[in-house]
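What you are looking at is a predicted structure, and each value in this text was computed from that prediction instead of being measured. Just so it is clear: chains get the letters A, B, ... in the order the sequence lines come, proteins before strands, and each one is counted from 1. The figures that follow rest on heavy atoms only: side chains count, while hydrogens, waters and symmetry mates do not.
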Number of protein chains: 2
Amino acid sequence: MDEPFGFRPLYRQVYDFMVKRITEGTWKAGETLPSEQTLATDLGVSQGTVRKALDVMAAEKLVERRQGKGTYVAEHTEESALFRFFRMARPDGERVLPECVAEEVASGKATAVESNKLKIEPGAAVVRIKRTRLVDQEPTVFETIVISAAMFPDIETYAPLPNALYGLYQTAYGVNIVHTFEQLRADLARKEDAKRLQVPLGTPLLHIDRVAIGLDGLSVEWRLSRCHTGKLVYAVTIS
Amino acid sequence: MDEPFGFRPLYRQVYDFMVKRITEGTWKAGETLPSEQTLATDLGVSQGTVRKALDVMAAEKLVERRQGKGTYVAEHTEESALFRFFRMARPDGERVLPECVAEEVASGKATAVESNKLKIEPGAAVVRIKRTRLVDQEPTVFETIVISAAMFPDIETYAPLPNALYGLYQTAYGVNIVHTFEQLRADLARKEDAKRLQVPLGTPLLHIDRVAIGLDGLSVEWRLSRCHTGKLVYAVTIS
DNA sequence: GAGTGGTCTAGACCACGCA
DNA sequence: GCGTGGTCTAGACCACTCT
């Protein structure tokens, strides 16, 4: 347990160890972890130290704890992942579950912008997904998603893709999305927007540019969402 | 230390006690709290329990800790408050400090919408502030702010109002903003927007509807921001 | 060196879920 | 009733800051 210079607390080392276990797939989504006491004796530290590492992981939503039952590797299910990363809601605050239609999946080579967003080589193989999301049967969001083909081989075989893509990334490829960076702008509907969202040209749209980051810190996905904010709004809580 | 039914952990009770101290002004912004050991013996609990309460408060950014020095009541300064609640940034991610001009302060009676947003009686006295925020000398955000005159008596005497209003709320009135709810839409510039932001009518704008909540859970401020997202974007990180 | 927050331990007891 | 996570304690030592 020596450290060269930086001084990494014990509970941080325990954290690193457990994150590695999840990244490698030793502990998979939805599985229960060994009990705090078991982990403690296995790793030769006190239960309090394991607990502190788990506190951090629970705060990052990497694991979920249930008193009396155990600690689970967090799953990116419909409710959890969608409600966490899909921020569109009704003005009264009620969250909605969108439906996906008109999905198009195509292969290609990364453009300059795409390679920059995904931190991959220009020209590397990528997969582009376009789809429209409906809320209450009305087209509301037009999404363009770009991912590395190397990270997600043969993803087109999973078509039709699920509503919550992050769940597929996790269960089929062992890729856990832990956070996202988004930039929002206002823009006007162009031809493709107008067609997809069935709105007049020039309708004001909320333009969301999102990069999703995985557990290992790599850029996993670049997504552009063009949202019609007629009936839904983008909801943010800063705490 | 009895509890009627809900079972409130000791550290929660300690938390409540300390929040009350801050709300009442016994401990003011920027001051240092008693040491963990002192608090523990004063309250008749162990240091670990005080520590756990402070952990929660630090996570909520109510206090700041500095190893070797002490624990301080968090201050809403330019950097901290603006960078926390003002989300506009350059596309490369760099945060900016805006400047405020063309400020108008007026008194009035709460409309139905205002009373609903601020949870006050319709017709209650309110103060309305309009101002334009410049970034790089260019008008970028047109804000309309509504607050209860009862909560902030004689606020007009502080004109010109500071860039970080939350700092004034805290230091002059003892009101701590702890979180905000925002709803974002895309909209088109109307007459007043065009004039304030010096853009053509019909320019797409990011419309932000924000309610700020204080330490005691009350709605403190309602703010509408209309942002020109030509050079700046609204940045969100979901972690 | 004295005082502060940060880490770590060992052990006790409580609340919860389940068989 | 057992095993799990959740709370609480008491005490030790470490890292940081200031004098």
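- With rounding to whole Å, B:Arg51 atom CZ is found 12 Å from C:dC8 atom C1'.
- One atom, CD of A:Gln37, and another, P of C:dT9, lie 12 Å apart when rounded to the nearest Å.
- At D:dT9, one or more side-chain N or O atoms of B:Thr49 fall inside 4.0 Å of OP1 or OP2 (strictly under the cut-off).
- Of the candidates D:dC8, C:dG5, C:dT7, the closest approach to any side-chain atom of B:Glu36 belongs to C:dG5.
- Under 3.5 Å, the side chains of A:Tyr166 and A:Glu221 contain a donor-acceptor pair of N or O atoms.
- Mapping A:Gly68 and A:Lys52 onto DNA chain C by nearest heavy atom places A:Lys52 closer to the 5' end of the strand.
- Between the C1' atom of C:dA15 and the CZ atom of B:Arg12 lies a distance of 17 Å, rounded to the nearest Å.
- For B:Tyr11 and D:dG6, the OH to C1' distance is 8 Å, given to the nearest whole Å.
- For B:Thr71, the listed nucleotide lying nearest its side chain is C:dG5; candidates were C:dC8, C:dC18, C:dG5.
- Out of C:dC8, D:dG5, D:dC8, the shortest distance to the side chain of A:Arg65 is found at D:dG5.
- For the pair B:Gln13 CD and D:dT7 C1', the interatomic distance rounds to 12 Å; values are reported in whole Å.
- For the residue pair A:Gln183 and A:Asp209, no side-chain donor N or O sits within less than 3.5 Å of a side-chain acceptor on the partner.
- We find that CD of B:Glu64 is positioned 14 Å from P of C:dG5, with the value rounded to whole Å.
- Closest approach to the A:Leu10 side chain among C:dC18, C:dC8, D:dC8 is made by C:dC8 (side chain taken as heavy atoms from C-beta onward).
- Contact between B:Met57 and B:Met18 at its shortest, heavy atoms only, is SD-CE, 3.8 Å.
- Residue B:Lys69 has a polar side-chain atom (N or O) positioned under 4.0 Å from OP1 or OP2 of D:dC18.
- B:Tyr15 and B:Ala53 get closest at one heavy-atom pair: N-CB, 3.8 Å.
- For the pair B:Glu94 and B:Ala89, the tightest heavy-atom approach, listed with the atom from each and the gap, is O-CB, 3.5 Å.
- For the pair A:Gln47 CD and D:dG3 P, the interatomic distance rounds to 14 Å; values are reported in whole Å.
- Rounded to a whole Å, the CD atom of B:Gln67 is 12 Å from the P atom of D:dC18.
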